[in-house]
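We name chains A, B, ... by the order of the sequence lines, and we start the count at 1 in each one. In what follows, every heavy atom counts, from backbone to side chain, and hydrogens, waters and symmetry copies are set aside.
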4 protein chains.
Amino acid sequence: MEPSMKEKIMKHSIRLFESKGFSEASIQDIVNTLGVTKGTFYYYFSSKEELLTQIQLNYIDYMLEEQQRIIEQPDRTWKDKLSEVILMTIQAIEDRGSSARIFFRELLHITGDSLDLIKKKRDQFRLNVQSIIEQGMESGEFRDDLPAEMVAFSILGACNWCYTWFKPDGSKSDTEVAAVYTEMFLNGLKL
Amino acid sequence: MEPSMKEKIMKHSIRLFESKGFSEASIQDIVNTLGVTKGTFYYYFSSKEELLTQIQLNYIDYMLEEQQRIIEQPDRTWKDKLSEVILMTIQAIEDRGSSARIFFRELLHITGDSLDLIKKKRDQFRLNVQSIIEQGMESGEFRDDLPAEMVAFSILGACNWCYTWFKPDGSKSDTEVAAVYTEMFLNGLKL
Amino acid sequence: MEPSMKEKIMKHSIRLFESKGFSEASIQDIVNTLGVTKGTFYYYFSSKEELLTQIQLNYIDYMLEEQQRIIEQPDRTWKDKLSEVILMTIQAIEDRGSSARIFFRELLHITGDSLDLIKKKRDQFRLNVQSIIEQGMESGEFRDDLPAEMVAFSILGACNWCYTWFKPDGSKSDTEVAAVYTEMFLNGLKL
Amino acid sequence: MEPSMKEKIMKHSIRLFESKGFSEASIQDIVNTLGVTKGTFYYYFSSKEELLTQIQLNYIDYMLEEQQRIIEQPDRTWKDKLSEVILMTIQAIEDRGSSARIFFRELLHITGDSLDLIKKKRDQFRLNVQSIIEQGMESGEFRDDLPAEMVAFSILGACNWCYTWFKPDGSKSDTEVAAVYTEMFLNGLKL
DNA sequence: AATGAATGAGATTTCATTCAT
DNA sequence: AATGAATGAAATCTCATTCAT
């Protein structure tokens, strides 16, 4: 089945927002790439901000679902789950890099309830990582002399930062990067 | 001596760019906060982009200088130097958070030679971290079975990410955060 | 049928450009006379220069068509054709004086390919006059001891210059002026 | 003796006004070419319009003087005098083309008394030509069945038009062009 | 479901001019 | 005789949005 007009608008917007930035990409730019007119855009979205909101929700909802899937797996150690979350985060940058970049860069342009909602979900993603760490500490898999919150921030920071440099066709694959990151965070640099 | 008009413009612009975003903060906004006219702005800066360029260069030049100072210290281990760079990066977010946020978020709005220059300096900062790691590996302070480039990316990512959440008046000071991050990266999570 | 918005904009612009000059007449001036907003202007023209280009092309295309019509007439002597071109040129100043004045005065404000195109057409108009003279020389209607190019320049110069002084409601009609000019150029001043 | 600052400003302005147009050439452009600041400009000229006025007066005063010199010569026929005026006009375009182009193109930007004065002088130049023709008619050198005013307009038009195409380093010299024009106006095209 | 015309507010930028020094 | 800082008015152009069809 052919993608709907709404899906096409979102897909092309993501590309444009990524390359030009949200403010610089105009509605006209978006509809030009689709060969339709501005009226069409406003038939599907009530405003430019609403489009951005949907793009961001699409991304964070996907991330939360994937994370949930990992967390809910039975018979897995916390180390395994942490490792899988790291891999998933980096894979998402490989698969959905444009959305990721927009997500991290263009939060400023969302206001009101949507902003609250997205912030809540973004925090949830982080708290879920923190929870893995806390449970791994309790179970004795992780050392418990570090504040779980800071640990979560540092792991997420390192992973999310990949959106600034990771290239799908670069010299390291997403799996390789995730492996190095996991090893780093579990065992550290020191001999 | 009171600050020059040019310095005042830069200072107020940084605040505005941080809170509203580069595109959304207008020249009018900037000069309003200073009680001068748009003509004055253009007397000191040839364009809005040039102002942004100067803000970014100010920031990255400061960072490179600080980094250089740390690297050049004699009688220090590589572990010490890495640890100091981590602390310095997080301190910079405490001291110059607005500039940092602008630096990471608004690169898109710089073009031409300035863009090349800033990218080169940004890369230099990362390569300097990578070089510390490589030399620590050679000297036997760090394990040498991980790719130094990835290690540098992960450490910088974690530190830079602080600009998204670190609050100077929060529950953890910059020194505390830096201590946790250093411990994490050196010794890892595992028991 | 009432004229389209685009036609109205062109018509009013011509008046304004003539009286105030291209640079001094602003888009605001133009839309004020029409009671619409600047957005409307930019809906129809991508820039002020594009509007000027269209005005100029309108004029020179009209002139070339009229000239072509005269040249293609069968059973006419070259003297007749020259005489008709002189009349037509002066009549155009009567009918389209504003466009003519803009055409001769504001070429400077056109750039790029449009400038090349307009220059080519302007040259074509002159070369067509030159061709009439050359053919009249060959056929023995005109003396052939003068360079046709100079002759064409002098005739066109005299005719075009009329835009600087000719007033439709003055003491001499366009036909009368054209008659004197024709007589001058054919038979000269000397007794 | 070195040219005064005022002369330097005028000289450089003429070049700039010719190439960019009066409105498009800014005071800043002018002072940039001289390596001074705007204050200097306003020390010598009270406004941009005054500068233009002086340029135009310089030109037309020169033209009137030259014309006067020719007219006042004793022992010359009217034919000779007409012929000399034609030559002088074309020579002025060779020597002072930039001023000529500015003179004909930028009258619009002069207002008030200066405008009246310049118009009066410009008319005087034309009336002087007309007077030569009238006296030549009375003396029997020229046919007297054509209106002297039209004849003057046509001759001046042809000569002045040269500023649109005449190039000092082109294939015809000013003397050659003037010779053709004189021959044309005296004897006409017809065999 | 989509178009095309129009709006209106605001953006960046330019520039002649002034004035204290 | 000249500078440097500042003004203020206006210029071109952009763009999200609306609405009748």
So, do A:R122 and A:F103 sit near enough that their side-chain heavy atoms are less than 4.5 Å apart?
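In contact.
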Give B:Y44 one of three labels, base, sugar-phosphate or nothing, depending on what nucleic acid heavy atoms sit under 4.0 Å from its own.
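The residue B:Y44 makes sugar-phosphate contact but no base contact.
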Determine the contact category for A:S26: base if any of its heavy atoms lies under 4.0 Å from a base atom, sugar-phosphate if only primed atoms, P, OP1 or OP2 are that close, otherwise nothing.
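Contact class for A:S26: sugar-phosphate only.
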Would you kindly check whether a donor in the side chain of D:K48 faces an acceptor in the base of E:dT17, or vice versa, at under 3.5 angstrom?
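For D:K48, whose side chain was compared with the base of E:dT17, there is no donor-acceptor pair (under 3.5 Å).
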Looking at A:K38 and E:dT3, is any side-chain donor or acceptor paired with a base atom of the opposite kind under 3.5 Å?
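No, no donor-acceptor pair under 3.5 Å.
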Side chain of B:T37 only, please: which of F:dT7, F:dA2, E:dT17 is the nearest?
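Among the listed nucleotides, the one closest to the side chain of B:T37 is F:dT7.
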Can you work out whether B:G39 or C:V36 has the more 5'-proximal nearest nucleotide on DNA chain E?
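Nearest nucleotide further toward 5': that of C:V36.
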Which sits closer to the 5' end of DNA chain F, B:F41 or C:S47, going by the nucleotide each is nearest to?
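The 5'-side residue here is B:F41.
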Does F:dA1 have a Watson-Crick or wobble partner in any strand here, with both distances under 3.5 angstrom, and which is it?
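Its partner is none (no Watson-Crick or G-U wobble pair with both distances under 3.5 Å).
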Who pairs with E:dT12 - Watson-Crick or G-U, where each distance is under 3.5 Å:
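The base-pairing partner of E:dT12, which may sit in any strand shown, is F:dA11.
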CD of C:Q28 versus C1' of F:dA9: gap in Å, rounded?
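Those two atoms, CD and C1', are 13 Å apart.
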Would you say the side chains of D:Q28 and D:N32 form a donor-acceptor pair under 3.5 Å?
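On atom types as modelled, these side chains qualify, holding a pair under 3.5 Å.
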Look only at the side chain of A:R101 and the backbone of A:Y163, and say whether a donor-acceptor pair between them is shorter than 3.5 Å.
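Yes; at least one donor-acceptor contact below 3.5 Å.
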Relative to C:F45, does C:K6 satisfy both conditions: NZ or CZ under 6.0 angstrom from the six-membered ring centre, and within 45 degrees of the ring's axis?
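Cation-pi check for C:K6 and C:F45: passes.
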Side-chain N or O of [X] versus OP1/OP2 of [N]: is the shortest distance under 4.0 Å?
X     : N      : result
D:Y43 : F:dA2  : no
A:T40 : E:dT3  : yes
B:Y42 : E:dT13 : yes

